[in-house]
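Take a look at the structure below.
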Amino acid sequence: MHTDVQEILFTEEEVSAKVRELGEQITRDYQGQNLLVIGILKGAAMFMGDLVKRIGMLVEMDFMAVSSYGKSSESSGVVRIIKDLDKSIEDRHVLIVEDIIDTGLTLHYLKNLLQQRNAASVKVVSLLDKPERRKVEISPDYLGFSVPDHFIVGYGLDFAERYRNLPYIGVLKPEVYQS
Ligand code: 5GP
């Protein structure tokens with residue numbers, strides 16, 4: 001375990017088993033449909049890559065990048081699009097892939113935006129959820145794990161661009177982000 005990590009919440013094996021389960025569920029639910037999977041960069045990149053390999057049919061992939069925490073740890077509610085989708089999503093079945101839902105503000109904004117673009121359907125799969133911190137009422141259609149109100153890193157999630165490549169999901173020591 002990295003010295004900046006206080007506790008491992010989910011090991012690489014546990015994450016992999018959960019991703020497989022989510023992939024199977026999504027495969028069943030979207031049978032016969034032409035699914036467009038949209039990964040939200042950068043936090044969901046690793047989850048997205050592993051998840052689509054567990055979906056047992058051909059899907060299309062696209063990515064969006066939105067402004068997130070940077071070095072501080074408070075969501076402002078203002079979402080800035082840094083990279084938009086490549087193509088129109090009109091009449092498409094869309095699945096947003098998120099790393100973690102915290103206040104819910106980012107996802108609330110993104111879901112509305114994609115619905116306004118006349119997608120046939122917009123659903124959400126999130127690897128993690130911190131329900132205690134919610135400011136707007138929103139929940140994912142598919143969820144990996146609920147986590148307590150700590151700062152989480154690993155498996156794509158960063159603090160100041162570090163820790164993304166840890167293979168497990170863990171809690172960052174408070175002294176690291178408070179210093
Ligand atoms: P929300 O808009 O729901 O408050 O924030 C969602 C985004 O904040 C996530 O996509 C993620 O980028 C970031 N975030 C929220 N909680 C955590 C956390 O515990 N660890 C990390 N690394 N990012 C978080």
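As the structure lists them, so they are numbered: ligands from 1, and atoms in each ligand from 1. Positions are given from 1 along the sequence. Note that these values count all heavy atoms, side chains included, but never hydrogens, waters or copies made by symmetry.
- When R164, K130, R162 are ranked by how near their heavy atoms come to atom 19 (O) of ligand 1, first place goes to K130.
- Heavy-atom separations between F151 and ligand 1 include at least one value shorter than 4.0 Å.
- Side-chain atoms of D99 do not come within 3.5 Å of backbone N or O of L157 as any donor-acceptor pair.
- Of all the atoms in ligand 1, the ones that sit under 4.0 Å from a non-hydrogen atom of D99 are 9 (C), 10 (O), 11 (C), 12 (O).
- Taking the centre of each ring, Y168 and Y155 stay at or above the 6.0 Å mark.
- Residue E175 places its CD atom among more than 12 non-hydrogen atoms of other residues, nucleotides or ligands, all under 6.0 Å distant.
- When only interatomic distances are considered, the shortest N/O to N/O separation between I152 and ligand 1 falls below 3.5 Å.
- For K18 and F145, the positive end sits near the middle of the six-membered ring, less than 6.0 Å away and at most 45° from its axis.
- Looking at E14, its side chain does come within 3.5 Å of a backbone N or O of T11 through a donor-acceptor pair.
- For ligand 1, the atoms sitting less than 4.0 Å from at least one non-hydrogen atom of E98 are 10 (O), numbered in the order shown with element in parentheses.
- Against a heavy-atom cut-off of under 4.0 Å, L105 is close to the following atoms of ligand 1: 2 (O), 3 (O).
- For the pair D62 and K83, the salt-bridge criterion is met [side-chain N within less than 4.0 Å of a carboxylate O].
- Close approach of ligand 1 to D158 (heavy-atom distance below 4.0 Å) involves ligand atoms 21 (C), 22 (N).
- At a heavy-atom distance under 4.0 Å, no atom of V153 approaches ligand 1.
- The contact set between ligand 1 and I100, taken as ligand atoms under 4.0 Å from a residue heavy atom, comprises 6 (C), 9 (C), 10 (O), 11 (C), 14 (N), 15 (C), 16 (N), 17 (C), 19 (O), 24 (C).
- Of the possible donor and acceptor atoms, none in the side chain of S126 sits under 3.5 Å from a partner among the backbone N and O of D129.
- The contact set between ligand 1 and H150, taken as ligand atoms under 4.0 Å from a residue heavy atom, comprises 19 (O).
- For ligand 1, the polar-atom distance check against G104 finds a nitrogen or oxygen pair separated by under 3.5 Å.
- Two residues are said to be in side-chain contact when any heavy atoms from C-beta on lie closer than 4.5 Å; I96 and V122 meet this criterion.
- The distance from ligand 1 to the heavy atoms of T106 drops below 4.0 Å at these ligand atoms: 1 (P), 2 (O), 5 (O), 6 (C).
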